[in-house]
Asks: 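Pasting a structure below so you can have a look.
A, B, ... follow the sequence lines: proteins, then strands. Residue 1 opens every chain.
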Amino acid sequence: MKVANLIRIALRALQRNKLRAFLTMLGIIIGVGAVITMMSIGEGSKQSIQSSLSSMGSNMITIQPQSNRTGGVRIASSEVQVLTLSDVRVLRRDATLLTAISPQASTNGQVIKGAMNWSTSLQGVSPEYFDIRKLTVREGIAFTEDDVRSAAKVCLLGQTVVENLFGSNEDPIGQIIRFNKIPFQVIGILAAKGQSSFGQDQDDVIIAPYTTVQKRVLAITHFQNIYASAVSEEASEAATDEIVRLLRENHRLRPEDEDDFRVRTQAELINTLSSTSSMMTVLLTAVAGISLVIGGIGIMNIMYVSVTERTREIGLRMSIGARGMDILMQFLIEAIMISVTGGLIGVFLGISASLLVAYTLGWPIVISQSSIVLSFLVCAFTGVFFGYYPAQKASRLDPIEALRYE
Amino acid sequence: MSEKILQIQDLKREFRMGTEVVRALKGLSFDVAAGEFVTIMGSSGSGKTTLLNILGCLDKPTDGAYLLDGVNVKDLNRDELARFRNVKIGFVFQSYNLLPRTSAIENVELPLLYNPAIGSKERRERAIHALEAVKLAERLDHTPSQLSGGQQQRVAIARALVNEPVMILADEATGNLDTRTSYEIMALMQELNQEQNKTIIFVTHEPDIAAFSSRTVMLRDGKLQTDTQNQAIKSAREALAALPESDDY
Ligand SMILES: Nc1ncnc2c1ncn2[C@@H]1O[C@H](COP(=O)(O)OP(=O)(O)OP(=O)(O)O)[C@@H](O)[C@H]1O
Ligand SMILES: [Mg+2]
């Protein structure tokens, strides 16, 4: 028996029932399409998280307070007041693997300029912060160590704040704005950074010397964060150890005490977020995969119906010389043709849907070859797997009984 | 004319239905020579279909020998039986058994698709030739639903002929047809038998059909009752001419 003939036979059988073949295919089409779309979206968001986090500086290190159990009561980390200027001094003096260190004291509030007002966040930092976060000043100048020392009421505005407080032909530089009633002079505007990978607008921010924010706005002496840059990305692990050692010493923690702060490297953050996003991708793909399996069961179901319905045809084919193997192959090829054709349409649909998502919703997508190859293989396998049993049933029919079947 | 195309000796076929055993054939022996036109007759349940299925290699006897073209069918496995059905036997059924929504030519091509020795060009030519032989050359692309019963049966006969089998087996091939159409089919059978020297074994209920054959085997209760050579073979073509003009009801 020639394979070409078997394919011809299977094709003719499918042509006799085009609508049914198409409806059977639909499950596979949707399944493959969904798998590819989900994997494209998942992979796209993963890569965009990675690239936007690296653009923030891949050697950035964040130190945050962390409540510990030694006091018996656990309190929210934002209320823990362990990070102080003394920590910053110690790190500046003794840390060998850090190039820049900036404390951060920040708060949210209302900013007013004339009749305009806007709710935003005020971040008190040191001049090194610009280096650490890779911020650039588009217009005007950054503040200096002198401004920090004198707690000068100067600030730099992010693009979003500028847009919401000033008209398009107004020059913000030199103007006075009020944050929670405290006047600040605008000395610079930051270059736009766009959305962060968490969907936060990174331009919706006002930056001022930390001393100003601590003393004049919040009246506190601690910091919410300390940012630092390791000498290199590779050194960030060692830098972390160094920070932990220095801060534990400075906080006078006994060896059995837990850390009252937490040091996180950017690399670690990238890993955490990418693995979260990978997990989402896996979940979404699994859901889409289920629809592929359901599509496969659809094939099996229709093939069973088809075998029963075509019992006489099978009997006839056997009576004119078809071997069991020929019948098996015919039905198997029919199933594979349905699933592979459905798979091809599904691949096309999946790519189209991914592109549609990218253009209409502006989501980052990455159509990976592996997702196409994978889902295509899965659906070809589905055809073989779910087509085999009905085909085998057909091939084992007794020709006489099949011919007599009503 | 004396070459034995099939020989059966003490052929038995039993069906086991739970504890009960139905003995459909109870020791049947006869030979058929190449070029004979044999009708098999007998009352309902006498074992005609059972016998024909065995002769057609669709079924195997419980006991006894069956030699087709010198080969003992008992020694063949499932696939070899299929091959025999493909190249040695042409089946014609009472209910035509054409594939629905499939053109006449494709129906006729079907046995050739299971014959690896034949390429697509030869397949087409042979199918057209077979349809010409049954006088359906202008109906190549008609599907069964676009053909009359007699025409459908002729397509089925063309399908049986297309692989050039050594014998044609027909089980009540005229059972669903009116007298005129039955005679047309018989005329065709006679033509195949006399002009192409095809061996034909034809199961029927009707004595007037049997009159067109050269020999009649009568079965009764799974046994051979009579086996008679037909001395005065009627010509189906003449019988057809003698029919009143419109005997259709
Ligand atoms: N698959 C089977 N299982 C059990 N019994 C069977 C089977 N096939 C045939 N028989 C029995 O064998 C006997 C002969 O049946 P067969 O079909 O050969 O008769 P027939 O001569 O063709 O009758 P008819 O003229 O009605 O077609 C019957 O008694 C029938 O019940
Ligand atoms: Mg019968």
Side-chain angles (χ1 to χ4, degrees), chain A residues 1-22 302 305-334 337 391-406, chain B residues 13 15 24 49-50 52-54 56-60 76-103 105-120 123 143-144 156 158-163 165 169 171:
Chain A
M1 187 68 207
K2 283 190 247 172
V3 178
N5 285 354
L6 283 170
I7 291 173
R8 191 170 286 119
I9 289 168
L11 253 180
R12 282 181 189 167
L14 289 179
Q15 276 168 359
R16 273 193 273 141
N17 241 321
K18 287 195 200 78
L19 182 65
R20 176 195 282 186
F22 175 73
I302 291 296
V305 170
S306 177
V307 166
T308 309
E309 198 185 70
R310 286 152 68 190
T311 301
R312 274 178 83 98
E313 174 191 328
I314 294 163
L316 169 79
R317 286 178 186 278
M318 287 176 160
S319 77
I320 60 170
R323 293 167 303 160
M325 194 58 176
D326 297 331
I327 300 293
L328 183 111
M329 290 303 286
Q330 175 190 338
F331 280 89
L332 200 54
I333 289 174
E334 277 183 35
M337 273 180 174
Q392 195 187 40
K393 182 191 166 193
S395 74
R396 292 196 175 158
L397 287 175
D398 177 60
I400 298 170
E401 267 161 35
L403 274 171
R404 211 185 279 149
Y405 184 84
E406 289 302 329
Chain B
R13 181 67 171 101
F15 296 102
T49 299
T50 308
L52 207 69
N53 285 340
I54 292 173
C57 300
L58 284 169
D59 197 9
K60 282 188 175 187
L76 302 178
N77 65 27
R78 241 175 101 103
D79 287 355
E80 287 165 336
L81 284 176
R83 172 115 196 96
F84 252 58
R85 292 197 291 270
N86 187 240
V87 298
K88 294 216 188 275
I89 295 159
F91 263 108
V92 183
F93 304 93
Q94 180 174 0
S95 49
Y96 326 133
N97 281 332
L98 299 177
L99 295 188
R101 276 161 290 164
T102 305
S103 67
I105 180 113
E106 281 180 307
N107 264 297
V108 175
E109 279 183 346
L110 211 56
L112 300 176
L113 283 172
Y114 294 103
N115 186 345
I118 289 165
S120 63
R123 183 165 64 231
T143 61
R159 184 181 61 195
L161 287 173
V162 77
N163 242 344
L169 301 180
D171 193 354

Asks: Would you say the side chains of Arg312(A) and Ser95(B) form a donor-acceptor pair under 3.5 Å?
Replies: yes
Asks: Does CE in Met329(A) sit with more than 12 non-hydrogen atoms of other residues, nucleotides or ligands closer than 6.0 Å?
Replies: no
Asks: Side chain, backbone, both or neither: which part of Arg8(A) has an atom under 4.5 Å from a heavy atom of chain B?
Replies: side chain
Asks: Which heavy atom of Gly321(A) sits nearest a heavy atom of Tyr114(B), and at what distance?
Replies: O-CB, 4.0 Å
Asks: Does a side-chain heavy-atom distance below 4.5 Å link Arg159(B) with Leu316(A)?
Replies: yes
Asks: How long is the gap from CZ on Arg78(B) to CE on Met318(A), to the nearest 0.5 Å?
Replies: 5.0 Å
Asks: Knowing that exactly one of Asn86(B), Asn97(B), Leu58(B) qualifies, which makes a side-chain contact (heavy atoms from CB on, under 4.5 Å) with Ser319(A)?
Replies: Leu58(B)
Asks: A side-chain contact here means heavy atoms from C-beta on lying under 4.5 Å apart; do Leu99(B) and Arg12(A) qualify?
Replies: no
Asks: Quick one: CG on Leu403(A) to CZ on Phe93(B), what's the gap to the nearest 0.5 Å?
Replies: 4.5 Å
Asks: With a 4.5 angstrom heavy-atom cut-off, is it the side chain or the backbone of Ile118(B) that approaches chain A, or both, or neither?
Replies: backbone
Asks: Using 0.5 Å steps for rounding, measure from the CG atom of Leu113(B) to the CD atom of Gln330(A).
Replies: 10.0 Å
Asks: Against chain A, label Asp59(B) side chain, backbone, both or neither, depending on which of its atoms sit under 4.5 Å from a heavy atom there.
Replies: both
Asks: Is Gln94(B) in contact with chain A via its backbone, its side chain, both, or neither, using a 4.5 Å heavy-atom distance?
Replies: neither
Asks: To the nearest 0.5 Å, what is the distance between CG (Asn115(B)) and CD1 (Ile320(A))?
Replies: 11.0 Å
Asks: Do Arg123(B) and Asn5(A) come close enough that some side-chain heavy atom pair is under 4.5 Å?
Replies: yes
Asks: If you count heavy-atom pairs under 4.5 Å with chain B, which of Gly324(A), Pro399(A), Ala322(A) comes out on top?
Replies: Ala322(A)
Asks: Looking at Arg323(A) and Ala82(B), would you say the former's side chain and the latter's main chain have a donor-acceptor pair under 3.5 Å?
Replies: no
Asks: Roughly how far, to the nearest 0.5 Å, is CD of Glu106(B) from CD of Gln15(A)?
Replies: 8.0 Å
Asks: Kindly compute the distance separating CG (Asp79(B)) from CE (Met325(A)), expressed to the nearest 0.5 Å.
Replies: 9.0 Å
Asks: Just so I understand: if I count every heavy-atom pair under 4.5 Å between each of Ile89(B), Leu112(B), Leu110(B) and chain A, which residue has the most?
Replies: Leu110(B)
Asks: Between Pro100(B) and chain A, which part of the residue has a heavy atom less than 4.5 Å away: side chain, backbone, both or neither?
Replies: both
